[in-house]
Amino acid sequence: QVQLVESGGGLVQAGGSLRLSCAYSPSIGRFDAMAWHRQAPGKQRELVAAINGDKSTTYADSVKGRFTISRDSAKNTLYLQMNSLKPEDTAVYYCVWRRIWGQGTQVTVSS
């Protein structure tokens, strides 16, 4: 079974930074697309960032310029560097590969 395990969430002040990590099964291909999604209370899940096998990336307009998605295939780890965090970034963040979702990690940004 493919597993995705997120970590790195927590409580931070507005303007602060966090780096989320997603450890995944070696069976996930190096050139497979992966993504981070998030869901805030009372809202639908949304795509935050995606990375393709060629390392090209896509970001939600709301996080563009503040978040960076990256991948270390040798370590089987996907990252989301989050800078200049805002209260509206508060959500559960999920690592996603195909139809497989991780358990999620909570990010709370205080104002």
Side-chain angles (χ1 to χ4, degrees):
Q1 291 184 326
V2 171
Q3 291 187 329
L4 303 169
V5 182
E6 301 96 335
S7 62
L11 174 64
V12 298
Q13 296 180 1
S17 299
L18 280 176
R19 187 180 72 166
L20 305 184
S21 297
C22 171
Y24 59 85
S25 303
S27 58
I28 291 180
R30 176 173 296 183
F31 302 106
D32 286 0
M34 298 189 74
W36 288 96
H37 285 66
R38 69 184 181 187
Q39 184 169 31
K43 298 183 179 180
Q44 298 182 41
R45 288 186 179 182
E46 66 172 339
L47 172 69
V48 176
I51 186 167
N52 297 311
D54 62 359
K55 302 298 183 182
S56 63
T57 57
T58 300
Y59 297 94
D61 288 341
S62 60
V63 308
K64 197 170 299 181
R66 299 187 297 118
F67 290 11
T68 302
I69 186 171
S70 62
R71 182 181 180 182
D72 187 337
S73 296
K75 295 182 178 180
N76 298 129
T77 305
L78 181 73
Y79 301 99
L80 183 66
Q81 178 66 47
M82 306 185 294
N83 298 324
S84 302
L85 284 162
K86 304 175 180 179
E88 50 263 45
D89 294 319
T90 295
V92 176
Y93 285 71
Y94 299 89
C95 177
V96 185
W97 174 75
R98 295 189 178 182
R99 292 182 178 179
I100 306 299
W101 295 64
Q103 296 172 303
T105 185
Q106 176 71 47
V107 172
T108 302
V109 184
S110 63
S111 60

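For the pair Asp32/Arg98, a side-chain contact is recorded, criterion being any heavy-atom separation below 4.5 Å from C-beta on. Counting only heavy atoms from C-beta outward, the side chains of Phe67 and Leu85 approach each other to under 4.5 Å. Within the 4.5 Å cutoff, the side chain of Arg38 has heavy atoms near those of the Val63 side chain. No side-chain heavy atom of Met82 sits less than 4.5 Å from a side-chain heavy atom of Val12. Looking at Tyr24 and Ser73, their side chains come closer than 4.5 Å, going by heavy atoms from C-beta outward. Counting only heavy atoms from C-beta outward, the side chains of Tyr93 and Glu6 never approach each other to under 4.5 Å. The shortest distance between side-chain heavy atoms of Val109 and Glu88 does not fall below 4.5 Å. Contact of the Tyr94 side chain with the Leu4 side chain is not registered, since no non-hydrogen atoms from C-beta on lie closer than 4.5 Å.
When hydrophobic clusters are built by joining Ile, Leu, Val, Met, Phe, Trp and Tyr residues whose side-chain heavy atoms come closer than 4.5 Å, directly or via intermediates, Ile51 is not grouped with Val96. With hydrophobic clusters built from ILVMFWY side chains whose heavy atoms lie under 4.5 angstrom apart, Val92 does not share a cluster with Trp97. If you chain together hydrophobic residues whose side chains sit under 4.5 Å apart, Leu78 and Val5 never meet in one group.
For His37 against Val48, the heavy-atom pair with the smallest separation is C-CG2, 3.9 Å. Between Asp54 and Ser56, the shortest heavy-atom contact is OD1-OG, 2.7 Å. Ser17 and Ser84 get closest at one heavy-atom pair: OG-N, 4.3 Å. Scanning all heavy atoms of the two residues, the minimum distance from Ser27 to Val2 falls at OG-CG2, 3.5 Å.
Residue Leu11 holds its CG atom at 9.5 Å from CD of Gln106, rounded to the nearest 0.5 Å. To the nearest 0.5 Å, the span separating SG on Cys22 from CG on Leu80 amounts to 10.5 Å. Expressed to the nearest 0.5 Å, how far CD1 of Ile69 lies from NZ of Lys55 amounts to 10.0 Å. Note that OG1 of Thr77 is 9.5 Å distant from CE of Met34, once rounded to the nearest 0.5 Å. For the atom pair Gln3 CD and Gln1 CD, the distance stands at 7.0 Å (nearest 0.5 Å). With rounding to the nearest 0.5 Å, the separation of OG in Ser7 from CD in Gln103 is 11.5 Å.
Partners of Tyr59 according to the ring-ring contact (aromatic ring centres under 6.0 Å, His included) rule, which considers only residues two or more places apart in sequence or in another chain, do not exist here.
A salt bridge links Asp61 with Lys64: the distance from a Lys NZ or Arg NE/NH1/NH2 to an Asp or Glu carboxylate oxygen falls below 4.0 Å.
For the side-chain contact (heavy atoms from CB on, under 4.5 Å) test with Arg71, the passing option among Asn76, Ile28, Asn52 is Ile28; the others fail.
A donor-acceptor pair is defined here as one N or O able to donate and one able to accept, closer than 3.5 Å; such a pair exists between the side chain of Trp36 and the backbone of Tyr79.
The environment of Lys43 atom NZ is sparse: at most 12 non-hydrogen atoms of other residues, nucleotides or ligands sit within 6.0 angstrom.
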